[in-house]
Trainee: 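Below you will find the structure I want to go over with you.
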Amino acid sequence: MASSRRQYPFHLIEPKWQKIWEAQQTFRAFNPGEKIPENHPFAQRHGADAMVPGPVAATQLPPKFYILDMFPYPSGAGLHVGHPEGYTATDILARYKRALGFNVLHPMGWDAFGLPAEQYAVKTGQHPRQTTEQNIATFKRQIQSLGFSYDWSRELATTDPDYFKWTQWIFLKLYNSWFNPETNKAEPIETLVYPTELESQSVGRASSRADSRDGSSVASPHQNIESARRAYRDSKRLAYVSEQPVWWCEQLGTVLANEEVVDGKSEVGGFPVVRKPMRQWMLRITAYAEKLLNDLDTIDWTDSLKEMQRNWIGRSEGAEVEFRIPNSEFRITVFTTRPDTLFGATYLVLSPEHKLVDQITAPEQRAAIAQYKTEVAQKSDLERTELAKEKTGVFTGAYAINPVNGQKIPIWIADYVLASYGTGAIMAVPAHDTRDFEFATKFKLPIVQVVQPPDLKTDWHGFVGDGTSVNSTGPEISITGLPTAEAKRKITDWLETKRLGKKTVNYKLRDWLFSRQRYWGEPFPIVWKKGPDGQSYHEALPESALPVLPPALTDYKPTATGEPPLTRAKDWVNLPDGSQRETNTMPQWAGSCWYYLRYLDAKNPTAFVSREAEAYWMGSPTPNSQLPTPKSTPGVDLYVGGTEHAVLHLLYARFWHKVLFDLGYVSTPEPFFKLVNQGMVLGEDNQKMSKSRGNVIPVDVPVQEVGTDALRLFEMFMGPLEMVKPWSTKGVEGVYRFLGRVWRLFVDEPSETEFEQAETTAETQRRGELLDLIKLSPAIKDVSAVPAQLKTLHACIKKVTEDLDGLRFNTAISALMVFVNEAMTWETKPATVLRDFLILLQPFAPHLAEELWVKLNLQPSTFNLQLPNLAYACWPRFDPALLVESEMEIPVQVNGKLRDVIKVPVNADNAALEAAARASEKVQPFIAGKTIKKVIVVPKKLVNLIVV
RNA sequence: GCCGGUGUGGCGAAAUGGCAGACGCACAGGACUUAAAAUCCUGGGACCGUAAAAAGUCGUGUGGGUUCGAGUCCCACCACCGGCACCA
C-alpha cells in the first residue's frame, strides 16, 4: 500500500487545512455576549445580525446546536481506529448543521483522573499529573490529526484545578441540600424542618461555635440539642457519611462502587474484592429514583438504553406486610409484590444479617443459626452467586402469625434473601415463586396453591403469572375468585385499614458510593472537627477555599490499614485550627457528571457556567430563528458515546443535572436530549480489538497511508453507526480510491504530473505551495447544467440530506459515490453542479473538499462563486421538480411473480398501466389461455395480474 | 433464567408491504503498458441450461401464518452479540 502511488496529495492537503482552520479559529463557537470578529466566516455567513459592533446578544445569534462526544480517558496507548467512530459521526453532523445555519457547539476535553496514572505513580513515583499531561498531549495530537471541527478554545480536563474547583463546588451544593419530599425536589439545607423535639430557638450559634473549640468541655444541654440537630441535618443531606460494608480491593488499594464490581472481581483489572466496613461518602441518588425513571419518557434515547436504565433503577410496586410473633413484642415486616398471595405464605425468610434474627431465635436453634451466619459471612459474593444453584438456610425455631388467616408459620433464615433490598425479609409463597418453591421443596415446607392460572391445563406449582385467587378466604377478608390485579388492590386496602401493612414502592437502585481511597481524584472540600461531646463531625469548607488541591506526595500507596494515600500528607491534613481534612477523594465519575456544562463557558472564573451561556446552549430554540428547519432541542441536541456508559455515567450525570435544576442553576430537567450509542469497531479478525490479540490498528496507520479523509469516510462507510462491525484495510482502500476519483473529477491531469515532478525535487518546507501548480480540469466549465446532470445532483442532495438527518452515514456516502460515478462520464462538468457537490462532500471529507473548493473558486473565470469558506457555505436544497422522470419503469407480476418490467409515461393512469401490462410480450405466455381473475394496480408502482 | 439487539452473496452492507443484493471490498475478463502497479471498461446470488445467450427454478437463520404480493407484518423456534441476574 505505502509503496503505491498516492491517489491524491492528501499528505499536503490535510496538514494545510488543519493549519488554516487553527489560524482562522474557523470552528470557534460564539457565546452570547462575545464580540464576533468581522472577518470570521461565521460573521460572514450570518450577516448583519451577528456583525453588530459590540457583543452579540443571544437573540442575534442563530439557533444553537449542541453536539457532544463522550470525552475520552487519555490512556497511554493512544487512539486506535475504533475511537474516532463516534467522533467522526458527530463531526459530520456538526459540519452539516453549521452548513444549515446553526450555531454549533462541538467541544472536546479529557476525563483525566483515573487509576492507571496513579498505579504508574505508585510504581515509578512519577506524579500522575505528569503522566496525565503526556497522555493528553498524545491524544490531542492524534485527535487533531483527524481534522475534527472542535472548538478547541473550550478544551477542558477534569484534572485542571480551574475545572475541579467547580466539581468541588457542585459537591458543596449536594452537601448543602436535602431532598424535600413535600416539594419533591432538592432544596438548600436551610429549609430543612426539624422534628419538634429538636426545634430550639434558644441555641445561640455563637456560643456553640466558641465551645466547640475546646473538645474537652462538658456538653451542655444546648450543645446536646445542637449536635442532635446536626446529626439530623447530616442524615438528610444529599451527600452524607455512612459506615457500611463496601467492596475493598487489595490490589487496587481502594474501595469500589457496587457497579465497579463485576462477578465478584474488580471491573478494572479483574482483581478479587472483599466486603469491608468503612466510613464512606454517599450521594442520595435514590431520592431521585422516581424522577430518573419517569423523565426517561421525555428524552429521545433508544429503547434498549432506556430499558437498561429502567432495569438498573428497578422500580417495583408492592406492599409491606407486618407479621406478629406470638408471645413477643417483635414484628417482622416483609416486602412483597404479590400481596394477593398472602394466603399462600407458608413461612417467612429473613436475610442472615436481619437485625431481629438473634432476638427471635429459639434457644435450641442458636448454635445452628450462629454457624450458618458465620458461613455466609465468610462467603464472598462471588461464591454466594456461584453457589446460588443450591438453596441453603436454617430454621430459627421461631414462628410468626399470618395476619390474614391467623396461621402459625415458621421463620427461617437464608442467604437468598438480601439484607439490602426491601425490608431484608420476605414472606415465602412457594406455590407461586420460583425461589421459594425451590427452597420449600428442598426443606419440605408446605406448598399451598392460592392462584389459579388462566389456562386450566397449566400446572399451578411454581406458577408465577397473574391468574385468579383461590383458597384465599380468612375470617375477616376474602379475595378468592378475584383476578390478580384486583386481589392485590383489595388485600392492600384491607391491610392498610387494619394497620397491618401499606402500599410500598421499592427500588433496586442504591445510594451512590462516592468516595475512593485514592490519590488521583478530586479532594473533598470537607474538614472534620471534634464536638464538645467528643464526637467528631464534618463541615463544609467555604466556597472561597476552592479549589482544594491534592497535596504533594512521594508515596502514592494507601496505608497498610487501607487509609487513603492523602493521609500521608500530615501537613495538608492537619489544619491550624485543629480540624482535619477529609482524605478520601471523589470517584472518576465526578468530573464526567457535569463537563458538558463547563464547555458552555469553559473559562469562566466566577461561575461553573454563566446563566446566559447556559440558557442559550441548553435552552429551547431561540424565537427569532429564521432557519428552514430549526430543530434545536432543550439540552444537548445529540450525545454520542459507547454503550459501556449506558447506566453509570448517564445515570450519575442525569442525577447531578436534576439537582442543579432543582437548585435553579440549569434550565432543563434533563441534560442529554438525544443519545446514540455507536457500535464497537472490531479488529479485522472479527474479534474485539485488544493488545493481547494483536489486532489493534492505531489511527496513525491509516492516517499515514490513506489520509484522514479516507479514514473518516471509512469509519462511516463500514455500516450503520450503532452496529458492531469489523475493520477492513481493504475497505479503507476502497473509499480512498473513491476520494481519488473525486480528485480526478476536478483536476487537470497534466498539471498534476507537473506537480508530482516538482514535488520530488522541492524542499520539504515548500511542498505545500506546490499544490497551487495543480489546475482545475478543463472539463469544468461555467455552463448551465443539463436536466440529467441536475437530476443526478438533486437526487444526491436529497439522499445525503435525508440520510444525515437520520444518522445514516453509510448510505449517504454511497449516494456521493453514485454521483461521482455518474459525473465521471460527463464530457462537460458544470461548475455550479460540482460546487454543490463539494458542499455535500465537505462534512465527510473536509480537507479534500476545501482544497477543491478553493481551486473551483480561484479559477480566473466568470464562475464568480464568491464563497470563501466552505465550512460555512449554505447547504443546498433539492428541488423535487428536478427529480421527476418522464417515464417510469413498472414491474409486472403474474400471480405475484415478476414477469416483466415495462416503461410507461409517468402520468399513466391505472387503466393505462393495466393495458400496458396485458400487452407485454413477456407476460403473454403466462396469461395466454387463462382467465384473469383480478388485477392489482398500485399507482406508479406495480401491476399484478391474477390468473387461474 | 429475564430484558434488549442482530441473522440477507465469498465479505462489509442496501431495500415507506411492491423489480432482493444499491454502494463498496474481494474475484474474473478486457483496454492502456515492454512489463507490473495505478487507472479505465465489463461481468457477477445459487441452480439448471447454452458455443454464448434467452427462458426457467430456487433464494433474506428455521417452521408455520396473514396478504394479490413478505427480507419487511403476526405466531413458534434456533443461533450469535450486549445488559441484568436469588431485587421477593
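Since this is a predicted model, take the numbers as computed values, not measurements. So that the names make sense, note that chain A is the first sequence line, chain B the second, and so on, each numbered from 1.
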Trainee: What is the separation between atom CG on A:Leu682 and atom P on B:U6, rounded to the nearest whole Å?
Mentor: 17 Å
Trainee: Which nucleotide in the list B:A13, B:C3, B:G12 gets nearest to the side chain of A:Asn311?
Mentor: B:C3
Trainee: Without decimals, in angstroms, what is the distance between A:Lys508 NZ and B:G83 P?
Mentor: 15 Å
Trainee: Under 4.0 Å: is that the gap between some side-chain N or O of A:Gln7 and OP1 or OP2 of B:U39?
Mentor: yes
Trainee: When you measure from the side chain of A:Lys730, which nucleotide among B:A26, B:A88, B:C19 comes out closest?
Mentor: B:A26
Trainee: Identify whether any heavy atom of A:Ser814 sits under 4.0 Å from a base atom; if not, whether one sits that close to sugar-phosphate; answer base, sugar-phosphate or nothing.
Mentor: base
Trainee: Quick one: A:Asn686 CG to B:C80 C1', roughly how many Å, whole number?
Mentor: 12 Å
Trainee: Quick one: is B:C58 close enough that its OP1 or OP2 comes under 4.0 Å of any side-chain N or O from A:Lys897?
Mentor: yes
Trainee: With a 4.0 Å cut-off on heavy atoms, is A:Arg310 in touch with a base, just the backbone sugar-phosphate, or nothing at all?
Mentor: nothing
Trainee: Counting any heavy atom closer than 4.0 Å, what does A:Met723 reach on the DNA or RNA strands: base, sugar-phosphate only, or nothing?
Mentor: sugar-phosphate
Trainee: Which part of the nucleic acid, if any, lies within reach of A:Phe926 when heavy atoms closer than 4.0 Å are counted: base, sugar-phosphate only, or nothing?
Mentor: sugar-phosphate
Trainee: Hey, is the side chain of A:Lys934 poking within less than 4.0 Å of OP1 or OP2 on B:C68, counting only N and O atoms?
Mentor: yes
Trainee: Would you say B:A88 has OP1 or OP2 under 4.0 Å from some side-chain N or O of A:Tyr421?
Mentor: yes
Trainee: Between B:G18, B:C86, B:C3, spot the one nearest the side chain of A:Glu307, thanks.
Mentor: B:C3
Trainee: With both distances kept under 3.5 Å, what pairs with B:U60, Watson-Crick or G-U wobble?
Mentor: none
Trainee: Taking atom P of B:C27 as reference, at what distance in whole Å does atom CD of A:Glu733 sit?
Mentor: 11 Å
Trainee: How close or far is atom C1' of B:G18 from atom CG of A:Leu913, stated in whole angstroms?
Mentor: 13 Å
Trainee: Heavy atoms from C-beta onward define the side chain here; which of B:A14, B:C19, B:G12 lies closest to that of A:Pro720?
Mentor: B:A14
Trainee: Would A:Lys725 and A:Glu85 satisfy salt bridge (Lys or Arg N to Asp or Glu O under 4.0 Å), going step by step from the backbone distance to the final call?
Mentor: CA-CA 11 Å; A:Lys725 54 229 162 236; A:Glu85 195 200 4; 2.5 Å; yes
Trainee: Give a yes/no on whether any side-chain N or O of A:Asn821 is located under 4.0 angstrom from OP1 or OP2 of B:G24.
Mentor: yes
Trainee: Calculate the interatomic distance between A:Gln893 atom CD and B:U67 atom P; express it in whole Å.
Mentor: 17 Å
Trainee: Is the side chain of A:Asn402 donor-acceptor paired with the backbone N or O of A:Leu342 at a distance under 3.5 Å, no angle test?
Mentor: yes
Trainee: So if I take every side-chain heavy atom of A:Leu898 and compare against B:A14, B:U16, B:A20, which nucleotide ends up nearest?
Mentor: B:A20
Trainee: Establish, for the pair A:Arg654 and A:Trp301, whether the NZ or CZ atom is under 6.0 angstrom from the six-membered ring centre and no further than 45 degrees off its axis.
Mentor: yes
Trainee: With a 4.0 Å cut-off on N to O distance, would you call A:Glu802 and A:Lys798 a salt bridge?
Mentor: yes
Trainee: Describe the nucleic acid contact of A:Thr643 in one word from base, sugar-phosphate, nothing, applying a heavy-atom distance below 4.0 Å.
Mentor: nothing
Trainee: Identify whether any heavy atom of A:Ser728 sits under 4.0 Å from a base atom; if not, whether one sits that close to sugar-phosphate; answer base, sugar-phosphate or nothing.
Mentor: nothing
Trainee: Quick one: look up who B:C11 pairs with, Watson-Crick or G-U, both distances under 3.5 Å, and put none if it's unpaired.
Mentor: B:G24
Trainee: Can you tell me how the ring of A:Tyr736 sits relative to the ring of A:Phe10, calling it parallel under 30°, perpendicular over 60° and tilted otherwise?
Mentor: perpendicular
Trainee: Check every atom of B:C40, B:C25, B:C19 against the side chain of A:Glu889 and return the nucleotide holding the closest atom.
Mentor: B:C19
Trainee: With respect to the side chain of A:Arg737, which nucleotide from B:C19, B:C23, B:C25 is positioned closest?
Mentor: B:C25
Trainee: From CE of A:Met817 over to P of B:C23, roughly how many Å is that when rounded to an integer?
Mentor: 10 Å
Trainee: Under 4.0 angstrom, heavy atoms only, what part of the nucleic acid is A:Asp436 near: base, sugar-phosphate, or nothing?
Mentor: nothing
Trainee: Taking pairing as Watson-Crick or G-U wobble with both contacts under 3.5 Å, can you name the mate of B:U39, or confirm there isn't one?
Mentor: B:A31
Trainee: Is the terminal nitrogen or CZ of A:Lys391 (NZ for Lys, CZ for Arg) located under 6.0 angstrom from the six-membered ring centre of A:Tyr416 and within 45° of that ring's axis?
Mentor: yes
Trainee: Could you check whether the rings of A:Phe443 and A:Trp412 sit parallel, tilted or perpendicular, using 30° and 60° as the cut-offs?
Mentor: tilted
Trainee: Side chain of A:Arg741 only, please: which of B:C41, B:A88, B:G18 is the nearest?
Mentor: B:C41
Trainee: Side chain of A:Lys391, heavy atoms from C-beta onward: which of B:C86, B:G12, B:C68 has the nearest atom to it?
Mentor: B:C86
Trainee: A:Val901 near the nucleic acid: base, sugar-phosphate alone, or nothing, with a heavy-atom cut-off under 4.0 Å?
Mentor: base
Trainee: Ignoring backbone atoms, establish whether A:Asn506 has a side-chain N or O less than 4.0 Å from OP1 or OP2 of B:A88.
Mentor: no
Trainee: Determine the interatomic distance between C1' on B:C80 and the same-named atom on B:C25; round to the nearest Å.
Mentor: 24 Å
Trainee: Assess whether side chain to side chain donor-acceptor pair (under 3.5 Å) is satisfied between A:Asn506 and A:Ser316, documenting all intermediate values.
Mentor: CA-CA 5 Å; A:Asn506 256 307; A:Ser316 67; 5.8 Å; no
Trainee: Is there a side-chain polar atom (N or O) of A:Arg744 under 4.0 Å from OP1 or OP2 of B:A38?
Mentor: no
Trainee: It should be established whether A:Arg808 places a side-chain nitrogen or oxygen under 4.0 Å from OP1 or OP2 of nucleotide B:A14.
Mentor: no
Trainee: Please classify the nucleic acid contact of A:Gly314 as base, sugar-phosphate, or nothing, using heavy-atom distances under 4.0 Å.
Mentor: nothing
Trainee: Checking contacts here: which listed nucleotide (B:A88, B:U39, B:G12) is nearest the side-chain heavy atoms of A:Lys725?
Mentor: B:G12
Trainee: How would you label the contact of A:Ser316 with the nucleic acid (heavy atoms, under 4.0 Å): base, sugar-phosphate, or nothing?
Mentor: sugar-phosphate
Trainee: Have a look at A:Ile936 and say if it touches a base, only the backbone sugar-phosphate, or nothing, with a 4.0 Å heavy-atom cut-off.
Mentor: base
Trainee: Over how many whole Å does the gap from A:Met680 atom CE to B:G5 atom C1' extend?
Mentor: 13 Å
Trainee: For B:C2, which nucleotide in any strand shown is its Watson-Crick or wobble partner with both distances under 3.5 Å?
Mentor: B:G83
Trainee: NA contact type, A:Arg315, heavy-atom cut-off 4.0 Å: base, sugar-phosphate, or nothing?
Mentor: nothing
